2 protein chains.
Amino acid sequence: MRSKMQHTSIACAACRSQAKSLFNALNNGQLTNISESKSCTVYRKGQILFHEGTRPLGVFCINQGKVKIYKLGYDGKEQITTIAREGGLLGYKALIAEDTYSVSAETLEDCTICFLPKSSFLQTLQESSSFNERIMKQVCHELGVMTENLTNQAQRPVRERLAITLLKLRDTYGLDAHEDGPIEINLTRDDLANMVGTATETLIRLLHEFKKDEYITTKGRKIRIEDPTGLSQAANLY
Amino acid sequence: MRSKMQHTSIACAACRSQAKSLFNALNNGQLTNISESKSCTVYRKGQILFHEGTRPLGVFCINQGKVKIYKLGYDGKEQITTIAREGGLLGYKALIAEDTYSVSAETLEDCTICFLPKSSFLQTLQESSSFNERIMKQVCHELGVMTENLTNQAQRPVRERLAITLLKLRDTYGLDAHEDGPIEINLTRDDLANMVGTATETLIRLLHEFKKDEYITTKGRKIRIEDPTGLSQAANLY
DNA sequence: ACGAAAAATTGACTTTTGTCAGTTTTTTGC
DNA sequence: GCAAAAAACTGACAAAAGTCAATTTTTCGT
């Protein structure tokens with residue numbers, strides 16, 4: 001086993017992800033405050049940031065890498081709700097609701113992630129009304145998205161859900177902006193199945209169809225989207 | 001057709017629902033402010049309060065009656081996410097997110113519902129930090145609930161979802177507190193199917209099973225829960 | 001209470017999706 | 001780069017849930 005984690009140091013102001021994070025509602029002074037109270041850690045692939053049901057001690061901000069957010073069903077099956085990436089802020093909802101985590105978070109690759117303790121986060125939330133508004137808007141918006149996800153899960157066949165999921169993942173895996181090559185989705189079939197909400201075998205068979213239809217190509221586990229328009233049609237969007 | 005609606009007048013301070021509404025975070029002065037800027041309307045069964053995709057002009061607060069909240073799938077099928085009742089506040093998420101409604105709302109019975117215009121609501125949100133906190137907490141909490149709903153929808157068989165839905169509806173239909181008789185759920189089979197996320201025929205067959213198992217009895221459309229414990233077992237909760 | 005209209009119900013059948021078992025390929029840590 | 005482990009894949013089959021068509025019952029407005 002490789003070593004578990006190591007610490008590092010990154011100023012928020014210098015963080016490449018800062019601009020697209022919720023913290024972009026903060027002014028320089030506030031950002032400096034946060035920057036000074038946070039700590040920054042390098043995680044290996046497959047490490048857990050937090051577990052569903054435990055109490056939050058602060059929030060996580062992703063500087064680099066991807067993190068899967070999921071909830072466990074009763075037989076231990078994961079329902080993946082999001083893949084978070086650079087700039088993503090994790091764990092603040094449980095903190096605000098004064099509740100335990102309703103989901104778990106696990107790194108999908110080696111990641112650099114900052115941790116901001118509860119007190120600093122809540123203080124910032126109180127002191128900056130623009131940050132407060134930003135968060136409030138974000139949460140309200142997410143609720144709309146979740147409602148749509150639920151409706152899709154309840155009403156659409158697997159094939160459409162897969163097409164929709166692939167299109168979403170295109171965004172998630174898209175802005176690894178520095179690289180200029182085409183976009184490749186790098187998830188295990190299990191994880192993909194747990195996003196779509198289906199069995200792994202069913203997922204594989206549908207991927208096969210999409211390959212035959214030339215919407216995608218695969219190279220090992222990697223999926224490359226070749227024809228987003230075709231996928232949109234398969235998704236039967238309205 | 002009966003007449004569409006009529007206006008009435010109720011002071012928030014005198015509203016039986018106020019104590020359990022989000023407005024209970026307000027002090028007397030603030031409550032009076034709201035009370036003076038709202039209007040109150042009696043709706044007939046089956047009327048639409050707002051449509052998915054339109055822009056909110058304010059928020060609705062239910063004084064009396066039940067309202068179904070739903071999203072339309074692409075073939076026009078309703079996915080019902082909640083049944084709101086006395087004290088429920090509707091439409092504030094779209095307002096806060098500066099977005100269109102992500103769901104629609106329709107009365108399930110004759111209702112008395114107050115309308116508070118956008119400006120008053122947003123002003124109160126700005127001026128009362130306790131109200132702001134209250135809302136923020138509520139939304140964060142709802143997000144956790146939605147995640148659980150999504151997971152259930154994706155992973156549980158219809159039978160379990162129905163049991164869970166019936167148990168939830170027991171709460172919704174429960175606190176018609178003044179009546180002392182046992183709790184009866186009064187929804188069409190279609191609506192119930194659209195909550196559970198299944199076909200109406202499937203729903204009916206499962207209700208039949210639950211009757212045979214003596215978890216419930218029915219009288220016309222009305223469903224009475226006789227054995228919550230049995231239902232919990234059928235729900236396979238963990 | 002009456003009669004249309006809406007809703008509930010039933011049965012037969014189809015389709016979709018999941019499960020299981022086994023094989024092949026890829027990934028991973030050293 | 002190698003070997004073990006993990007993941008991906010395939011086929012046959014089973015189960016769950018949806019669809020369609022027809023009938024009965026309930027609800028609703030008058």
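Since the structure is predicted, the reported quantities are computational estimates derived from the model, not experimental observations. Letters A, B, ... are given to chains in the order of the sequence lines, protein chains preceding strands, and every chain is numbered from 1.
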Legend entry - B:Ala84 backbone acceptor or donor facing B:Thr82 side chain under 3.5 Å: no
Write down the distance between [atom1] ([X]) and [atom2] ([N]), rounded to a whole number of angstrom.
X	N	atom1	atom2	result
A:Asp110	C:dG29	CG	C1'	13 Å
B:Arg44	D:dC28	CZ	P	13 Å
B:Asp190	D:dT19	CG	P	13 Å
B:Asn186	D:dC28	CG	C1'	13 Å
A:Leu192	D:dA7	CG	C1'	13 Å
A:Leu108	C:dT27	CG	P	16 Å
B:Lys219	C:dA7	NZ	C1'	18 Å
B:Arg189	C:dA6	CZ	C1'	14 Å

Inset, instruction - With DNA chain C as reference, determine whether A:Leu206 or A:Lys222 sits nearer its 5' end, using the nearest nucleotide of each. - result: A:Leu206
Legend entry - Given DNA chain C, 5'-ward residue of the pair A:Val158 and A:Gly220, judged by closest heavy atom: A:Val158
Does [N] have OP1 or OP2 sitting under 4.0 Å from an N or O in the side chain of [X]?
X	N	answer
A:His208	D:dA8	no
B:Thr202	D:dG18	yes
A:Arg161	C:dT16	no
B:Lys45	D:dC28	yes

Inset, instruction - Could you go through the salt bridge (charged side-chain N to carboxylate O under 4.0 Å, His left out) check for B:Arg159 and B:Asp213 one step at a time? - result: CA-CA 13 Å; B:Arg159 189 186 153 90; B:Asp213 295 341; 3.5 Å; yes
Inset, instruction - Report yes or no: is there a donor-acceptor pair, N or O only, under 3.5 Å between the side chain of B:Glu201 and the base of D:dC20? - result: yes
Legend entry - Nearest listed nucleotide, side chain of A:Arg205, among D:dG11, C:dA8, C:dG11: D:dG11
Inset, instruction - Choose from D:dT19, C:dT17, D:dC28 the nucleotide whose nearest atom is closest to any side-chain atom of B:Arg221. - result: D:dC28
Legend entry - Chi angles and distances behind the side-chain hydrogen bond (donor to acceptor under 3.5 Å, both in side chains) call for B:Lys71, B:Thr81: CA-CA 8 Å; B:Lys71 189 167 181 75; B:Thr81 59; over 6 Å; no
Legend entry - Toward the 5' end of DNA chain D, by each residue's nearest nucleotide, A:Ala154 or A:Thr200: A:Thr200
Legend entry - Residue closer to the 5' end of DNA chain D, A:Ile204 versus B:Thr198 (nearest nucleotide): A:Ile204
Legend entry - Sidechain N-carboxylate O distance under 4.0 Å for A:Asp110, A:Arg44: yes
Inset, instruction - Please work out if B:Thr188 contacts a base, only the sugar-phosphate, or nothing of the nucleic acid, heavy-atom cut-off 4.0 Å. - result: sugar-phosphate
Inset, instruction - Answer with yes or no whether the side chains of A:Thr172 and A:Lys66 bring together a donor and an acceptor at under 3.5 Å. - result: no
